[in-house]
Amino acid sequence: MTNHDDFEQAALPHMDVLQNYAMHLTMNSENAKDLLQDTYLKAYRFWGRFEKGTNIKAWLYRIMKNSHINRYRKVKNEPAKVSYEENHLPYDMTLEASFAGKHTLTNTYNDIFEDEIVRSIESMKNTFRDVIFLCDVEGLSYEEIAKTVGCPMGTVRSRLHRGRKLLKKKLFAYARNNGYIPKRSPS
């Protein structure tokens with residue numbers, strides 16, 4: 001089997017979960033596609049450095065996370081660009097174009113969670129939101145999450161515990177009103 005075949009067999013089965021993670025990171029479908037493509041290009045390019053027998057999914061997640069951080073830093077440090085055409089469009093078209101293609105966490109997770117849950121997740125710090133997403137939505141192990149976010153496994157456990165505790169606090173009334181927590185009968 002060639003190096004190319006090894007890569008395809010090991011890496012390509014994880015494309016769907018990486019697409020979800022890219023969407024989680026970017027909140028934009030086009031940027032998510034670009035990030036996914038960039039991740040697979042880098043993974044293929046550095047396939048020789050991958051240690052066979054280790055966790056391929058965690059390795060791919062880590063590449064994606066680092067690529068996303070590098071892109072963010074690059075965009076953040078670039079001066080703002082304004083195109084000539086953009087300044088000569090009528091106001092309403094410019095406004096419409098500026099909102100086109102933008103996604104919120106609500107659009108990303110609306111098939112999974114109800115609005116109140118999404119709002120509660122959105123209000124959390126990224127450190128908690130990332131580990132909750134990777135563990136509870138994507139089903140990664142603590143070890144895989146630790147490699148993905150670049151912190152010790154104990155920190156992952158701590159963030160997951162604190163994040164879930166924050167969510168529980170934020171969603172207690174919602175859970176009671178929707179029957180997830182039984183209402184106490186008056187005694």
Side chain to side chain contact (heavy atoms under 4.5 Å, CB included), that's the test. Do M124 and I132 meet it? Break it down for me.
CA-CA 10 Å; M124 298 176 73; I132 287 173; 3.6 Å; yes
With a 4.5 Å heavy-atom cut-off, do [X] and [Y] have their side chains touching?
{"X": "H68", "Y": "T39", "value": "no"}
{"X": "R49", "Y": "F46", "value": "yes"}
{"X": "Y40", "Y": "H14", "value": "yes"}
{"X": "D38", "Y": "I63", "value": "no"}
{"X": "C135", "Y": "R164", "value": "yes"}
{"X": "L134", "Y": "Y61", "value": "yes"}
{"X": "R157", "Y": "Y142", "value": "yes"}
{"X": "R62", "Y": "T148", "value": "no"}

Give the minimum heavy-atom separation between [X] and [Y], together with the two atoms involved.
{"X": "S120", "Y": "L171", "result": "OG-CD2, 3.2 Å"}
{"X": "A22", "Y": "A32", "result": "CB-O, 3.6 Å"}
{"X": "L60", "Y": "A11", "result": "CD1-O, 3.9 Å"}
{"X": "R71", "Y": "L35", "result": "NH1-N, 3.8 Å"}

More than 12 heavy atoms of other groups within 6.0 Å of K169 NZ
no
Taken in chain and number order and not counting sequence neighbours, the residues that satisfy side-chain hydrogen bond (donor to acceptor under 3.5 Å, both in side chains) with K125 are none
Centres of the F50 and W47 rings: under 6.0 Å?
yes
Take D130 and R159 through the salt bridge (charged side-chain N to carboxylate O under 4.0 Å, His left out) test and state the conclusion after the steps.
CA-CA 9 Å; D130 285 349; R159 287 178 185 173; over 6 Å; no
Any side-chain donor near an acceptor of the partner, E144 and N55, under 3.5 Å:
yes
ILVMFWY network linking [X] to [Y], side-chain heavy atoms under 4.5 angstrom:
{"X": "L36", "Y": "Y44", "result": "yes"}
{"X": "L41", "Y": "F7", "result": "no"}
{"X": "I69", "Y": "M27", "result": "no"}

In Å and rounded to the nearest 0.5 Å, what is the [atom1] to [atom2] distance from [X] to [Y]?
{"X": "M23", "Y": "S29", "atom1": "CE", "atom2": "OG", "answer": "5.5 Å"}
{"X": "K147", "Y": "K57", "atom1": "NZ", "atom2": "NZ", "answer": "12.5 Å"}
{"X": "L12", "Y": "L18", "atom1": "CG", "atom2": "CG", "answer": "10.5 Å"}
{"X": "R162", "Y": "L167", "atom1": "CZ", "atom2": "CG", "answer": "13.0 Å"}
{"X": "E138", "Y": "D16", "atom1": "CD", "atom2": "CG", "answer": "9.5 Å"}

Contacts of K33 meeting salt bridge (charged side-chain N to carboxylate O under 4.0 Å, His left out) (sequence neighbours excluded), chain-then-number -> E30
Between S158 and G154, is there a donor-acceptor pair closer than 3.5 Å when you use the side chain of the first and the backbone of the second?
no
Should the ring pair H24 and F133 be called parallel, tilted or perpendicular, given that the plane angle runs from 0 to 90° and is split at 30 and 60?
parallel
Quick one, E51 with W59, criterion side chain to side chain contact (heavy atoms under 4.5 Å, CB included). Give me CA distance, side-chain angles, the key distance, then yes/no.
CA-CA 10 Å; E51 296 177 31; W59 186 67; over 6 Å; no
